[in-house]
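Structure first, then comments.
These values consider heavy atoms only, across backbone and side chains, with no hydrogens, waters or symmetry-generated copies.
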Amino acid sequence: MKLFARRPHAFSLVEVTLALGVAAFCLLAVFGLMPVGLQTNRNATSQTVATNVIAFVVADLRANYKTTLVTPTWRSPLLCMTLGTQTTLYFDSQSRCSSNLAGTTNPCGGGFTQAQAVQTRYRLTIAFPPSTGNLTYADLKVTWPAGADPATTTPSGSVEMFTAFDRN
């Protein structure tokens with residue numbers, strides 16, 4: 001009869017220590033990348049909201065109507081903007097609008113009926129460069145945070161769009 005020597009089926013202390021060291025190094029690398037990933041996610045979210053704000057404003061300007069005042073002007077229905085007049089509006093992350101930084105004034109005049117003011121996060125500046133014929137050009141720029149004036153400081157981020165409106 002042949003007897004076999006039994007080999008232990010376990011890891012040595014050195015192998016366990018090396019495996020834990022490799023796992024710790026990998027976890028450290030993953031946790032080191034977390035702030036970069038979070039910042040990238042925040043920037044992408046801000047750019048998406050800013051793009052949605054611009055799309056909303058352009059749609060509102062395209063749906064404008066001619067007022068029946070003594071001097072007729074083109075006016076947007078939701079944001080009460082007059083084509084050709086430079087305007088600054090403030091938006092929150094749900095694209096709710098205010099005409100002041102505090103978020104307490106409706107762009108069409110008067111205060112809000114809701115109990116809480118809009119928490120402004122984005123500043124939209126609309127400029128109207130010189131136009132030709134029936135075209136009206138508009139340069140829309142959204143910057144964030146809303147409190148950072150792009151004329152005096154560098155904002156955290158911005159999205160800009162140039163568009164033309166045909167007013168026949």
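Between V22 and L18 the shortest side-chain heavy-atom distance does not fall below 4.5 Å. Counting only heavy atoms from C-beta outward, the side chains of N106 and S98 never approach each other to under 4.5 Å. For the pair I126 and D139, the minimum side-chain heavy-atom distance is 4.5 Å or more. By the 4.5 Å heavy-atom criterion applied to side chains, M81 and L61 are counted as neighbours. You'll find the side chain of T125 reaches within 4.5 Å of the side chain of R123, heavy atoms only. Looking at Q47 and W144, their side chains come closer than 4.5 Å, going by heavy atoms from C-beta outward. Between K141 and V159 there is no side-chain heavy-atom pair separated by less than 4.5 Å. The side-chain heavy atoms of T120 and F91, taken from C-beta on, include no pair separated by under 4.5 Å.
From N52, atom CG reaches atom OG of S95 across 6.0 Å, with rounding to the nearest 0.5 Å. For the atom pair L124 CG and T87 OG1, the distance stands at 8.5 Å (nearest 0.5 Å). One distance of note links OG1 of T154 with CG of D149; it measures 11.0 Å at 0.5 Å rounding.
The hydrophobic cluster containing M34 also contains L27, counting ILVMFWY residues as joined when their side-chain heavy atoms lie under 4.5 angstrom apart, directly or transitively. Both W74 and V58 are members of a single hydrophobic cluster when ILVMFWY side chains are connected at heavy-atom separations under 4.5 Å. Under the 4.5 Å side-chain heavy-atom criterion for ILVMFWY residues, a single connected hydrophobic cluster contains both L140 and V49. Using a 4.5 Å cut-off between side-chain heavy atoms of Ile, Leu, Val, Met, Phe, Trp and Tyr, with links allowed through other members, L83 and M161 fall into the same hydrophobic cluster. Residue L20 is not grouped with residue L13 when hydrophobic side chains (ILVMFWY) are merged at heavy-atom distances under 4.5 angstrom, including chains of intermediate members.
Listed for the N43 side chain is no donor-acceptor partner under 3.5 Å among the backbone atoms of T40. The main-chain N or O of V36 is never found under 3.5 Å from a side-chain atom of Q39 such that the two would form a donor-acceptor pair. Side-chain atoms of N100 come within 3.5 Å of backbone atoms of T104 as a donor-acceptor pair (strictly under, hydrogens ignored).
Looking at every heavy atom in both residues, T136 comes nearest to S131 through CA-OG, 3.4 Å. When all heavy atoms of S46 and Y122 are compared, the pair lying nearest together is CA-OH, 3.5 Å. The minimum heavy-atom distance linking L79 with L89 is given by the pair CD1-CD1, 4.1 Å. Pairing each heavy atom of F165 with each of R62, the nearest pair is CE2-CG, 3.6 Å. Scanning both residues, T143 and A148, for their nearest heavy atoms gives OG1-O, 4.4 Å.
At a cut-off of 3.5 Å, with distance as the only test, a side-chain donor of D60 or S76 sits close to an acceptor on the other residue. Judged by distance alone, the side chains of T82 and R75 do bring a donor and an acceptor atom under 3.5 Å apart.
The number of heavy-atom neighbours closer than 6.0 Å to CZ of F162, taken from other residues, nucleotides and ligands shown, is above 12.
Ring to ring, Y137 and F128 are not that close: their centroids are 6.0 angstrom or more apart.
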